[in-house]
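A short write-up of the structure that comes next.
Residue numbers run from 1 in the order of the sequence given. All values below come from the heavy atoms of this structure, side chains included, with hydrogens, waters and symmetry mates left out.
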Amino acid sequence: MDHPKRQISHVIHLLTEGSPADQKDALDAYFLPDAAFIHPLCRVPSFSHFNLPFVGEINSRWVIWMIYRWYKILSPRIVLDVECDEFNQKSSILFVEIRQIFSLFFVPFYKSDVRLTTKLKLVHSEHDGKYYIKSQEDLYQTNELVKFFWPGGASIIWLWQLFATGLCILGALLLAPVTWIEQRHANQINGVKKSI
């Protein structure tokens with residue numbers, strides 16, 4: 001990519017909504033051959049030059065292509081919107097916020113509206129001046145992840161999160177003396193008089 005912030009939306013649409021050939025072309029053009037891929041449900045470590053029987057020599061980019069192909073088989077019609085992106089040129093990390101509607105072909109009336117943040121680690125090539133994707137990490141909140149395979153599960157996770165929040169409040173109030181002791185100790189070490 002010449003301009004990651006401007007081009008990433010197009011790249012993501014090719015990978016998720018494109019044909020298998022579009023997916024392969026996008027991976028070949030924008031991902032390093034030994035790129036890594038991390039998702040809550042699968043992972044591809046960085047590797048190259050692995051000989052797979054009946055297939056031949058493969059690398060991690062080929063495995064990522066297989067994951068994107070499977071993704072399209074599971075959900076032939078994906079509607080995706082890149083809502084925002086932010087590129088930190090100093091660290092070469094591009095964050096992308098995505099909203100997608102994913103519908104499994106074998107569950108005809110269920111569509112999951114899922115939000116995620118994708119973290120892309122880029123490398124800048126001295127050879128051609130372009131940025132290439134070294135790794136992709138898809139970050140989902142638990143309540144978003146369960147939407148893929150558990151209709152109604154997001155509501156149960158939401159209720160669980162509220163319950164856990166209540167437990168945090170109860171624990172903090174019941175064990176408040178512990179924090180008072182910690183604060184008094186911190187005041188003595190730092191020579192500051194703070195209270196909670």
Side-chain angles (χ1 to χ4, degrees), residues 4-5 7-32 34-47 52 55 58-87 93-122 133-168:
K5 193 168 167 59
Q7 292 176 272
I8 196 59
S9 180
H10 176 67
V11 173
I12 291 170
H13 283 281
L14 286 173
L15 291 170
T16 57
E17 297 172 349
S19 70
D22 290 337
Q23 290 175 327
K24 182 164 182 2
D25 290 345
L27 285 162
D28 288 344
Y30 302 111
F31 281 68
L32 293 176
D34 62 346
F37 180 85
I38 302 169
H39 183 280
L41 302 175
C42 59
R43 175 181 297 260
V44 180
S46 173
F47 71 90
L52 189 63
V55 175
I58 64 167
N59 55 32
S60 54
R61 181 171 62 193
W62 183 87
V63 177
I64 295 169
W65 180 41
M66 294 297 106
I67 290 170
Y68 275 110
R69 285 178 67 180
W70 178 241
Y71 178 76
K72 284 289 289 182
I73 291 168
L74 285 175
S75 182
R77 174 128 167 72
I78 294 167
V79 178
L80 185 135
D81 184 35
V82 175
E83 295 186 338
C84 100
D85 50 49
E86 193 56 48
F87 179 50
I93 294 177
L94 178 62
F95 287 96
V96 185
E97 193 164 311
I98 299 169
R99 180 178 180 199
Q100 66 179 343
I101 296 175
F102 186 86
S103 50
L104 296 167
F105 75 90
F106 54 86
V107 185
F109 302 108
Y110 178 67
K111 292 180 179 1
S112 55
D113 187 350
V114 180
R115 293 180 179 276
L116 72 141
T117 300
T118 296
K119 177 183 174 185
L120 300 168
K121 177 71 177 155
L122 307 179
I133 298 170
K134 180 180 176 65
S135 68
Q136 173 183 336
E137 185 174 358
D138 291 343
L139 307 167
Y140 291 87
Q141 291 292 326
T142 309
N143 58 318
E144 296 294 320
L145 183 63
V146 299
K147 290 178 183 179
F148 283 115
F149 52 84
W150 185 13
S155 298
I156 293 170
I157 297 294
W158 185 81
L159 290 170
W160 171 256
Q161 289 170 325
L162 287 179
F163 175 71
T165 301
L167 290 177
C168 290

Task: Working for ring-ring contact (aromatic ring centres under 6.0 Å, His included), residues F31 and F37 - done: CA-CA 10 Å; F31 281 68; F37 180 85; 8.2 Å; no

- [ ] Dump the intermediate steps for side chain to side chain contact (heavy atoms under 4.5 Å, CB included) on V44 and V63, then the final yes or no.
- [x] CA-CA 7 Å; V44 180; V63 177; 3.6 Å; yes

Task: Worked verdict on L145 versus L41 for side chain to side chain contact (heavy atoms under 4.5 Å, CB included) - done: CA-CA 9 Å; L145 183 63; L41 302 175; 4.2 Å; yes

Task: Test log, rule side chain to side chain contact (heavy atoms under 4.5 Å, CB included), inputs I8 and Y30 - done: CA-CA 10 Å; I8 196 59; Y30 302 111; over 6 Å; no

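In this structure, T117 OG1 and E137 CD are separated by 10.5 Å, a value rounded to the nearest 0.5 Å. Here the CD-OG distance, from E144 to S112, works out to 9.0 Å after rounding to the nearest 0.5 Å.
Here Q141 pairs with nothing under the side-chain hydrogen bond (donor to acceptor under 3.5 Å, both in side chains) rule; sequence neighbours left out. K24 is linked by a side-chain hydrogen bond (donor to acceptor under 3.5 Å, both in side chains) to D28, counting only residues two or more places apart in sequence or in another chain. Remark: D138 pairs with T118, Q136 by the side-chain hydrogen bond (donor to acceptor under 3.5 Å, both in side chains) rule, at least two apart or across chains.
Ring-plane geometry between F148 and Y140 is classed as perpendicular, the angle between the planes exceeding 60 degrees on a 0 to 90 degree scale with a lower cut at 30.
A cation-pi contact, defined as under 6.0 Å to the ring centre and within 45° of the axis, is absent between R61 and W65.
Between I64 and A35 the shortest heavy-atom distance is CD1-O, 3.6 Å. Of all the heavy atoms in A36 and S46, the pair that sits closest is CB-N, 4.0 Å. A pairwise comparison of heavy atoms in I78 and K72 identifies CD1-CD, 4.3 Å as the closest pair.
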Solution key, residues 153-164 side-chain donor-acceptor pairs under 3.5 Å, sequence neighbours excluded:
none

Could you tabulate the donor-acceptor pairs under 3.5 Å formed by side-chain atoms of residues 93-110, not counting sequence neighbours?
{"from": "R99", "atom 1": "NE", "to": "D113", "atom 2": "OD1", "distance (Å)": "2.9"}
{"from": "R99", "atom 1": "NE", "to": "D113", "atom 2": "OD2", "distance (Å)": "3.2"}
{"from": "R99", "atom 1": "NH2", "to": "D113", "atom 2": "OD2", "distance (Å)": "2.3"}
{"from": "Q100", "atom 1": "OE1", "to": "Y71", "atom 2": "OH", "distance (Å)": "2.2"}
{"from": "Y110", "atom 1": "OH", "to": "K147", "atom 2": "O", "distance (Å)": "2.6"}

Considering only distance and modelled atom types, tabulate donor-acceptor pairs under 3.5 Å from the side chains of residues 15-22, sequence neighbours left out.
{"from": "T16", "atom 1": "OG1", "to": "I12", "atom 2": "O", "distance (Å)": "2.8"}
{"from": "E17", "atom 1": "OE1", "to": "H13", "atom 2": "ND1", "distance (Å)": "2.9"}
{"from": "E17", "atom 1": "OE2", "to": "L80", "atom 2": "N", "distance (Å)": "3.1"}
{"from": "S19", "atom 1": "OG", "to": "A21", "atom 2": "N", "distance (Å)": "3.4"}
{"from": "S19", "atom 1": "OG", "to": "D22", "atom 2": "N", "distance (Å)": "3.1"}
{"from": "S19", "atom 1": "OG", "to": "D22", "atom 2": "OD2", "distance (Å)": "3.3"}
{"from": "D22", "atom 1": "OD2", "to": "S19", "atom 2": "N", "distance (Å)": "3.3"}

